[in-house]
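The structure appears below as structure tokens.
FYI, side chains are in, hydrogens and waters are out, and symmetry mates aren't considered; it's all heavy atoms of this structure.
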Amino acid sequence: MATIPSQNLLLPHSLSLPKPNFSHSTLITFPARSSPARAISRTDEASISSKLEPESYKITTAEDIRRRDREAKESKSLRDTWRKIQGEDDWAGLLNPMDPVLRSELIRYGELAQACYDAFDFDPFSKYCGSCRFTRHKLFDSLGIFDSGYEVARYLYATSNINLPNFFSKSRWSKVWSKNANWMGYVAVSDDVESTRRRLGRRDIAIAWRGTVTRLEWIADLKDFLKPVSGNGFRCSDPAVKAESGFLDLYTDKDTSCNFSKFSAREQVLTEVKRLVEKYGDEEDGGLDLSITVTGHSLGGALAVLSAYDVAEMGLNRTKRGKVIPVTVFTYGGPRVGNVRFKERMEELGVKVLRVVNEHDVVPKSPGLFLNERAPHALMKLAGGLPWCYCHVGEELPLDHRNSPFLKGSVDLSTAHNLEALLHLLDGYHGKGERFVLSSGRDPALVNKASDFLKEHFMVPPNWRQDANKGMVRNNDGRWIQPDRIRAEDHHAPDIHHLLSQLHHPS
């Protein structure tokens, strides 16, 4: 199996500008209950941001901001405030100034989405292109995400037979792991380790969807055409509730001839959520509260919104005893998904959505470039029934990469859309008008993992993350070959037909 290169980077000491100290790099850990958030790697407290930022802000030192964050986190814990962090009050008072606990959680869920990219095989020269490089039981450990607090319950697949050629990855080999499927993400559930229970304050079902990391041509592939969700099997009797047809097809289509996608992504995620809610929803003997959190970047953000809506519309967030489980969506650079009525229905169902965006990213402005929630109300009222009239859902947290002293100021479509860059911006965001100061010391070098976004004087090579020797190994004969991997998991839960029948959804 291919190895993951170390994230330890050495920077030269001859930089003309103050330089970050990357010498204390560590693997990802998740934030403890009352300690500063920790991410894939850390820098020294003496961050370069304290030296490069403008001096014309109300708070004059980076240490003042960090001290304020520490005091705020010490005064409350995620365990005690998780319902507010999950959007119980639509994040009122938590976004400006930025609540440090919410920031930590946004970075944490963003890293669960980033794991979909880091584990995905994008290489067309690989026999396993389009699959996950690791088995689900070893996903987090293989990525260096130790003590994540989550166990992967199942992988999610979608058929690649729909018309989104720039989204799916396919191998050039004639014999491949699957000709008609792509790995799309996973469903995970928080474990029973005492530290996890104390930190989260509840049991969490997390659903992470893969998006697209660099190729934005998939936007042009969209039909940009709204259609009623009821036509795709959703339990919605209102034909005015509509979503983009390409997203619906990706979520609901299946290929009965393929072991991986003989059930649609929708069927896979709904049955797994139903199974987990039945298992943990009404736990006895001091059982924890339950939450459902869906995350995704780019097109994965659209799938996150669709699947969260679907879970709530199907009533899967209610236990047998009638307890309502909060459903929250955190998206990063996600596009618009549906029309105004779709937004209203999400609100009626109580699904909370927080969208993190780069103001210069084109994807959150699509589809519905002209007819959208920003158009005059009178125009939207007249055009509301048109199949090109879109509306974002939930709350938006806009970030600007030009505020970071680490990032290039120029706007490039792919870099402005980069997930690692968004997580970097989150780490430095403290509120509108406040200076950019890295809160957790998340390593800026991660931004260039799959992009060329860091300023050149930091001397971090672009697109630096890759498998050793691009996955090639030397066999006993001295020849370089692609090694075989453990067979990808194509099995579905043995009770999936039973669960589908309970959902009144034909298999």
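- Side-chain contact check for L106 versus Y332: some heavy-atom pair is nearer than 4.5 Å.
- Side-chain contact between W91 and K352: present, with at least one pair of heavy atoms (C-beta onward) separated by less than 4.5 Å.
- Using a 4.5 Å heavy-atom threshold, the side chains of T328 and L354 count as separate.
- For L226 against C389, the heavy-atom pair with the smallest separation is CD1-O, 3.2 Å.
- More than 12 heavy atoms of other shown residues, nucleotides or ligands fall within 6.0 angstrom of atom CZ in R235.
- Only one option out of N418, D118, D443 pairs with K449 in a side chain to side chain donor-acceptor pair (under 3.5 Å); it is D118.
- Considering V311, V269, L499 in turn, L499 is the only one that fulfils the side chain to side chain contact (heavy atoms under 4.5 Å, CB included) rule with K274.
- When all heavy atoms of N358 and H401 are compared, the closest pair comes out as ND2-ND1, 3.2 Å.
- Judged purely by distance below 3.5 Å, without hydrogens or angles, the side chains of W209 and S307 pair a donor atom with an acceptor atom.
- Residue R345 comes nearest to Y309 through the heavy atom pair CG-CE1, 3.7 Å, listed as atom of the first residue, atom of the second, then distance.
- The pair E396-R374 meets the salt-bridge criterion, with a side-chain N (NZ, NE, NH1 or NH2) lying under 4.0 Å from an Asp/Glu carboxylate O.
- To the nearest 0.5 Å, atoms CD (E420) and CG (L446) are separated by 5.0 Å.
- Here CD1 of I107 is found 5.5 Å from CG of L426. Values are rounded to the nearest 0.5 Å.
- Going from atom CZ of R341 over to atom CG of N339 covers 8.5 Å, rounded to the nearest 0.5 Å.
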Stepwise side-chain hydrogen bond (donor to acceptor under 3.5 Å, both in side chains) check, Y150 with D204: CA-CA 9 Å; Y150 286 81; D204 184 44; 2.6 Å; yes
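- A salt bridge is absent between D121 and R133; no separation between the charged side-chain nitrogens and carboxylate oxygens falls under 4.0 Å.
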Steps toward side-chain hydrogen bond (donor to acceptor under 3.5 Å, both in side chains) verdict (D427, S440): CA-CA 7 Å; D427 195 26; S440 72; 3.0 Å; yes
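- Here the closest heavy-atom approach between residue R336 and residue C391 is recorded as CD-N, 4.1 Å.
- For the residue pair R136 and R154, the shortest heavy atom distance occurs at CD-CA, 4.1 Å.
- Ring geometry for F330 against Y109 counts as tilted: the plane angle lies between 30° and 60°, on a 0 to 90° scale.
- Ion pair E272/R275 flagged as a salt bridge, since at least one NZ, NE, NH1 or NH2 atom sits closer than 4.0 Å to an Asp/Glu carboxylate oxygen.
- Taking OG of S104 as the start and CZ of R442 as the end, the distance is 11.5 Å to the nearest 0.5 Å.
- Not less than 6.0 angstrom separates the ring centroid of H417 from the ring centroid of F453.
- Ring pair W183/Y186 is parallel by interplanar angle, where below 30° counts as parallel and above 60° as perpendicular.
- Of the listed residues (V152, T271, L276), just one forms a side chain to side chain contact (heavy atoms under 4.5 Å, CB included) with V187, and that residue is L276.
- Heavy atoms of other residues, nucleotides or ligands lying less than 6.0 angstrom from NZ of K365 number more than 12.
- Nearest approach of P367 to E244, heavy atoms of both residues: CG-CG, 4.2 Å.
- The cationic group of R266 lies under 6.0 Å from the six-membered ring centre of F234 and within 45° of the ring axis, placing it in a cation-pi geometry.
- Using a 3.5 Å distance cut-off with no hydrogens or angles, the side chains of H430 and R103 do pair a donor with an acceptor.
- A donor-acceptor pair shorter than 3.5 Å cannot be found between the side chains of D253 and T159.
- The structure places CZ of R203 at 8.0 Å from CG of L290, a figure rounded to the nearest 0.5 Å.
- Of the residues listed (R79, R83, R202), the one engaging D289 in a salt bridge (charged side-chain N to carboxylate O under 4.0 Å, His left out) is R83, and it is the only one.
- A side-chain N or O of D310 and one of Y251 form a donor-acceptor pair less than 3.5 Å apart.
- Here the straight-line distance linking atom CG of L200 with atom OG of S77 works out to 11.0 Å at 0.5 Å rounding.
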